[in-house]
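Taking it in order: structure first as structure tokens, then the write-up.
Keep in mind that what you see is a predicted model, and the values were worked out from it rather than measured. Throughout, protein chains are lettered first and strands after them, A, B, ... in sequence-line order, and every chain is numbered starting at 1. Worth knowing before you read on, the calculation uses all heavy atoms, side chains too, and leaves out hydrogens, waters and symmetry mates.
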Amino acid sequence: MPVAKPESSDASRVIAHVDMDCFYVQVEQRKQPNLRGLPTAVVQYNEWKGGGLIAVSYEARKYGVKRSMRGEEAKQVCPEIQLVQVPVARGKADLNTYRTAGSEVVSILARKGRCERASIDEVYLDLTDAAEKMLAEAPPENLEVVNEETLKSHILGLDNERGFDAKENVREWLCRKDADRRDKLLACGTLIVAELRMQVLKETEFTCSAGIAHNKMLAKLASGMNKPAQQTVVPFSSVKGLLDSLPIKKMKQLGGKLGSSLQSDLGVSTVADLLQFPEEKLQERYGFNTGTWLWNIARGISGEEVQGRLLPKSHGSGKTFPGPKALKTIASVQHWLNELCEELSERLRSDLDQNKRIARTLTLHASAYKSGVTDSQKNFPSKSCPLRYGTAKMQEDALNLFQAGLREFCGLHNTKPHGSRNNGWRVTGLSVSASKIVEKPSGTSSIMKYFHGQNPSSSLSKQSQDEDIQVPSASESCSEMNLSEQQMKFRGEDSNTMCQMPCLDQQEHKQDLGEDQNPSCLSPTQGQDDFQEASFSTSGIDPGTECCSGLINQSEQQRVFPQDQCVVSSLNRLEPKRKTMNDKGTNSILKFFKKMDPASSCSSNKEEHCENLRDVEALLSNPASVSENGRCVEERRERIAWSYNVDEIDPSVIKELPPEIQEEVRASFRPNKRPNIVRRGSSIAQYFLPTRKI
DNA sequence: ACGGTTGGTACA
DNA sequence: TTGTACCAA
């Protein structure tokens with residue numbers, strides 16, 4: 001096993017997590033500035049009990065309004081609440097405005113270091129290099145003035161009781177000459193993040209909160225501690241104090257079943273409780289990787305890298321059909337699949353145009369139940385096939401995938417699917433997604449064309465042909481941009497040809513689609529009621545505060561962190577004196593915010609602001625340019641800044657990078673996850689167990 | 001038979 | 001590789 005390099009330990013890194021405050025609300029408030037400062041919520045579809053809340057402003061939260069309340073409920077609790085509806089397109093929630101707004105933010109946050117888009121409104125930043133550079137060239141200790149926003153930071157473990165002047169304490173902490181180098185690096189990170197957040201505010205009008213720490217887990221934890229529009233720092237020496245009293249369920253990835261299991265099976269209710277368990281025990285119970293991961297996070301260790309990915313890895317479009325809205329006919333399913341595919345296709349087209357990326361797999365997920373059969377809800381299998389570009393093709397493929405799934409589903413319940421009249425199945429959810437997104441190949445030639453025409457797309461259509469050909473040439477439509485190289489190379493290549501094989505038998509539906517070039521033109525005879533009922537049902541999304549990395553991938557080899565480096569040992573003298581500070585009214589960011597508010601009459605600023613606003617809205621108002629503009633910004637940033645993806649980068653390219661960046665690539669620091677082949681309790685497992693004793 | 005939609009990851 | 005399960009918000 002590789003021995004860890006000390007430099008690569010967590011404590012030498014500067015990681016930030018940035019979290020937009022009730023993002024969807026902010027987006028809507030920017031669009032309607034009169035809503036600023038008012039209790040506001042974004043509601044998804046409105047027909048049933050006022051719709052479901054997916055984002056709630058902090059003003060509204062004071063009244064007890066919560067996400068996942070219905071609109072009517074919210075009105076009861078807070079009669080003056082302003083409810084803004086999510087835009088609807090094709091009978092479902094359309095989140096593109098939020099995606100675009102998210103891209104705006106990412107493009108700013110990626111300026112100072114490697115940036116990972118963790119969700120529509122959250123990013124991680126690796127500011128190690130920038131912090132080191134600052135420390136070397138312009139360390140905080142030399143600063144005469146520290147900007148207000150930075151002084152507003154919350155430093156965990158900093159004793160603010162003594163001196164009354166919290167800001168002065170922060171300033172002292174930031175500028176300490178005799179501070180630990182790790183703290184100095186964090187101090188630099190604190191300055192950088194404050195600056196970035198102010199830039200975000202200035203350029204987008206959005207506030208965000210941030211956490212600055214030595215790894216992703218701690219940064220994420222910290223970013224949620226002081227909201228909105230504030231930032232929180234976790235010095236190395238405060239880690240234990242932070243984690244000790246922390247309920248286990250607050251940890252990312254432990255909010256679900258694993259966390260519950262820890263609680264009920266091991267009696268672990270706080271992170272500190274987890275410390276008693278030897279790694280072996282945890283591995284025994286939860287598997288090698290998860291066990292190691294748990295052991296580490298209990299000690300504040302998480303070697304997860306910031307991924308350097310500014311774009312999503314998949315696109316999806318889905319909708320649920322709850323209760324009486326459940327779909328009962330193939331025709332209604334087809335209708336909705338057509339809608340979903342249309343949206344997905346549009347987004348894929350944008351991704352292709354703006355980012356030159358191609359998705360290779362189409363997956364259909366459905367949920368269904370069979371009337372009379374309990375617990376059949378979950379058994380509808382998901383199906384995937386090679387993704388063919390072109391709306392009509394995706395619609396055709398999606399329907400085929402659905403039919404294949406339906407056959408299995410019905411088989412599972414001893415029924416024959418048969419055509420459109422169904423025997424009891426009800427579809428309560430549909431979603432199509434596109435994954436395995438790769439950059440458009442640059443070196444390929446047009447050999448592919450050779451295979452063109454082999455496509456058994458007997459089921460016609462001008463459309464399919466158009467779309468086929470469009471794939472390569474569509475990139476022309478990308479506005480500005482300097483993509484020429486790749487673009488040129490790709491021209492003439494037909495990415496579709498690789499994906500042309502029919503995924504599933506289409507015997508039953510060829511006909512349907514044959515003359516139906518209008519996707520939503522469903523035979524009006526059947527299923528009509530279905531989508532009438534359903535056509536205005538809810539859908540939408542969460543403003544999300546974050547999401548992203550999946551379970552347990554963070555697992556990390558303990559050897560990377562020799563025990564004497566573990567926070568548990570270095571911090572065990574520290575009292576848990578975590579404090580929450582809410583001087584929210586005095587935030588410099590909030591002040592800035594206030595100035596912009598049309599309600600508060602600050603004219604010069606206001607005008608400048610409105611101008612800004614108009615620009616943005618001008619962009620947004622042209623649907624065709626919406627994503628394009630947003631994405632182009634992103635694209636530009638992507639070239640300029642730091643957004644390489646370590647995993648996907650060509651190894652030969654790495655050598656071209658500056659040494660300090662190369663070091664980022666440090667393959668040697670990849671957490672040593674091991675494939676989970678070995679069964680629990682296997683003696684072979686013992687062989688691999690770490691030698692650490694507890 | 002309402003928390004929805006989107007997106008991520010791990011594992012068999 | 002595909003499909004399932006889980007997680008976050």
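Rounded to an integer number of Å, the gap from A/Tyr98 OH to B/dG7 C1' is 18 Å. Going from atom NZ of A/Lys328 over to atom C1' of B/dA1 covers 13 Å, rounded to whole Å. Atoms CD (A/Glu343) and P (B/dT6) sit 6 Å apart, rounded to a whole Å. Atom P of nucleotide B/dG7 and atom CG of A/Leu348 are separated by 11 Å, given to the nearest angstrom. Counting to the nearest Å, the C1' atom of C/dA8 and the CZ atom of A/Arg67 are 9 Å from each other. Rounded to whole Å, atom P of C/dA8 lies 12 Å from atom NZ of A/Lys257. One atom, CG of A/Leu95, and another, P of B/dG3, lie 19 Å apart when rounded to the nearest Å. Following rounding to the nearest Å, A/Leu364 (CG) and B/dT6 (P) show an atom-to-atom distance of 14 Å.
The heavy-atom pair separating A/Thr292 from A/Glu279 by the smallest distance is OG1-OE2, 2.9 Å.
In this structure, A/Ser119 does not reach the C/dA9 phosphate: none of its side-chain N or O atoms is under 4.0 Å from OP1 or OP2. Phosphate proximity of B/dG3 to A/Arg70: absent, as no side-chain N or O sits under 4.0 Å from OP1 or OP2. Side-chain nitrogen and oxygen atoms of A/Lys436 include at least one within less than 4.0 Å of the OP1 or OP2 phosphate oxygen of C/dT2. Taking only side-chain nitrogens and oxygens, A/Thr363 never comes nearer than 4.0 Å to OP1 or OP2 of C/dT2. Dashed line: the shortest gap from a side-chain N or O of A/Lys92 to OP1 or OP2 of B/dT6 is under 4.0 Å. Phosphate proximity of B/dG8 to A/Arg309: present, with a side-chain N or O under 4.0 Å from OP1 or OP2. For A/Lys383 and C/dG3, the shortest distance from a side-chain N or O to OP1 or OP2 is below 4.0 Å. For A/Lys313, a side-chain nitrogen or oxygen approaches OP1 or OP2 of B/dT9 to under 4.0 Å. Proximity of A/Ser314 to the phosphate of B/dG8: a side-chain N or O atom is located under 4.0 Å from OP1 or OP2.
Across the C1' atoms, C/dA9 and B/dA1 are found 24 Å apart, a figure rounded to whole Å.
Few gaps surround NZ on A/Lys75; more than 12 heavy atoms of other groups in view lie less than 6.0 Å from it.
In this structure, A/Lys328 is not positioned above the aromatic face of A/Trp425 in the sense of NZ or CZ being under 6.0 Å from the six-membered ring centre and within 45° of the axis.
A donor-acceptor distance shorter than 3.5 angstrom exists from the side chain of A/Gln230 to the backbone of A/Pro228, with no hydrogens or angles considered.
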